[in-house]
Amino acid sequence: MVPELPALPALTRSEGELVDRYLEIVDLLGRINPSRSRDTYGALRAAQALVGRATALRETLAVMHARGETEVHTGTLGRALRVLDGERRASLVAVPPPPER
């Protein structure tokens with residue numbers, strides 16, 4: 001039986017896009033991470049995709065700012081990131097600890 005995930009907090013469309021675009025970039029950075037990637041071709045493809053995803057994130061933030069959404073609700077967005085497995089996904093960007101001897 002699959003455990004039920006916690007509910008995603010209520011987000012505006014722009015906040016949802018912000019979280020999605022951010023996690024796309026985190027996933028790509030995890031694939032590029034030289035301490036974790038297995039081959040240069042996969043890292044190259046992720047780096048190429050990163051440009052487009054960063055542009056999409058910039059556009060999302062520009063739209064939010066133009067609409068007057070000047071505050072980022074860190075508590076709510078943090079909960080959304082946790083529900084969407086953001087902690088594990090972001091950990092792939094970090095350098096892993098050295099192997100134990």
Side-chain angles (χ1 to χ4, degrees):
M1 183 171 213
V2 177
E4 188 172 322
L5 295 174
L8 194 62
L11 303 173
T12 66
R13 179 178 293 193
S14 294
E15 288 173 330
E17 285 184 30
L18 173 60
V19 168
D20 289 344
R21 300 300 80 81
Y22 173 78
L23 287 174
E24 288 172 350
I25 289 171
V26 166
D27 291 341
L28 290 170
L29 288 171
R31 289 176 45 201
I32 296 167
N33 184 342
S35 65
R36 295 184 183 274
S37 59
R38 291 187 167 75
D39 61 80
T40 56
Y41 184 71
L44 171 63
R45 296 293 306 228
Q48 290 169 333
L50 184 60
V51 175
R53 298 305 190 277
T55 300
L57 176 60
R58 182 194 66 206
E59 292 303 317
T60 297
L61 288 164
V63 167
M64 290 176 75
H65 183 72
R67 287 185 188 156
E69 296 178 58
T70 58
E71 290 185 42
V72 176
H73 303 283
T74 57
T76 302
L77 295 176
R79 282 195 311 277
L81 288 169
R82 282 188 286 283
V83 168
L84 295 171
D85 203 20
E87 289 174 315
R88 181 196 59 81
R89 294 161 77 176
S91 74
L92 298 176
V93 176
V95 176
E100 293 188 28
R101 293 182 177 204

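Index from 1, following the sequence.
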Asker: Heavy atoms only: give me the nearest Ala80-Val19 pair and the separation to one decimal.
Answerer: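 Where Ala80 meets Val19 most closely, the heavy atoms are CB-CG2, 4.4 Å.
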
Asker: Does Glu71 have more than 12 heavy atoms from other residues, nucleotides or ligands lying within 6.0 Å of its CD?
Answerer: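 Result for CD/Glu71: open.
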
Asker: Please tell me whether Val83 and Leu81 are part of a single hydrophobic cluster in this structure, the criterion being side-chain heavy atoms less than 4.5 Å apart.
Answerer: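 Result: yes, single cluster for both.
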
Asker: Is there a chain of hydrophobic side chains (I, L, V, M, F, W, Y, each step under 4.5 Å between heavy atoms) that links Ile25 to Val63?
Answerer: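 In one cluster: no.
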
Asker: First locate atom CG of Asp85, then atom CG of Leu23, and finally report the distance between them rounded to the nearest 0.5 Å.
Answerer: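 One gets 9.0 Å once the value is rounded to the nearest 0.5 Å.
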
Asker: For residues 42-68, which residue pairs pass the salt bridge (Lys or Arg N to Asp or Glu O under 4.0 Å) check, not counting sequence neighbours?
Answerer: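 Non-adjacent pairs meeting salt bridge (Lys or Arg N to Asp or Glu O under 4.0 Å): Glu24-Arg53, Arg67-Glu69.
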
Asker: Between Ser14 and Met64, which heavy-atom pair has the shortest distance, and what is it?
Answerer: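 Looking at all heavy atoms of both residues, the closest pair is CB-CG, 3.3 Å.
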
Asker: Give, for atom CG of Leu11 and atom CD of Glu17, the distance between the pair rounded to the nearest 0.5 Å.
Answerer: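 With rounding to 0.5 Å, CG (Leu11) is 11.0 Å from CD (Glu17).
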
Asker: Among pairs that include at least one residue of residues 27-40, which meet salt bridge (Lys or Arg N to Asp or Glu O under 4.0 Å), considering only residues two or more places apart or in two chains?
Answerer: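 Qualifying pairs, neighbours excluded: Asp27-Arg89.
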
Asker: Quick one: does Leu77's side chain get under 4.5 Å of Tyr22's, heavy atoms only?
Answerer: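 With C-beta onward as the side chain, the pair stays apart.
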
Asker: Does Leu92 reach the side chain of Asn33, with side-chain heavy atoms less than 4.5 Å apart?
Answerer: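 Contact flag for Leu92/Asn33 side chains = no.
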
Asker: Measure across Leu29 and Leu50 and return the closest heavy-atom pair with its distance rounded to 0.1 Å.
Answerer: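 Smallest interatomic distance, heavy atoms only, reads CD2-CD2, 3.9 Å.
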
Asker: Which pair of non-hydrogen atoms, one from Gly75 and one from Arg82, has the smallest distance, and what is that distance?
Answerer: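 Shortest heavy-atom separation between Gly75 and Arg82 comes out as O-NH2, 4.4 Å.
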
Asker: If hydrophobic clusters are built from ILVMFWY residues whose side chains come within less than 4.5 Å, do Val72 and Leu57 share one?
Answerer: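 Per the 4.5 Å side-chain linkage, Val72 and Leu57 are co-clustered.
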
Asker: Which atom pair, heavy atoms only, marks the closest approach of Ala46 to Ile32?
Answerer: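 It is CB-CG1, 3.6 Å.
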
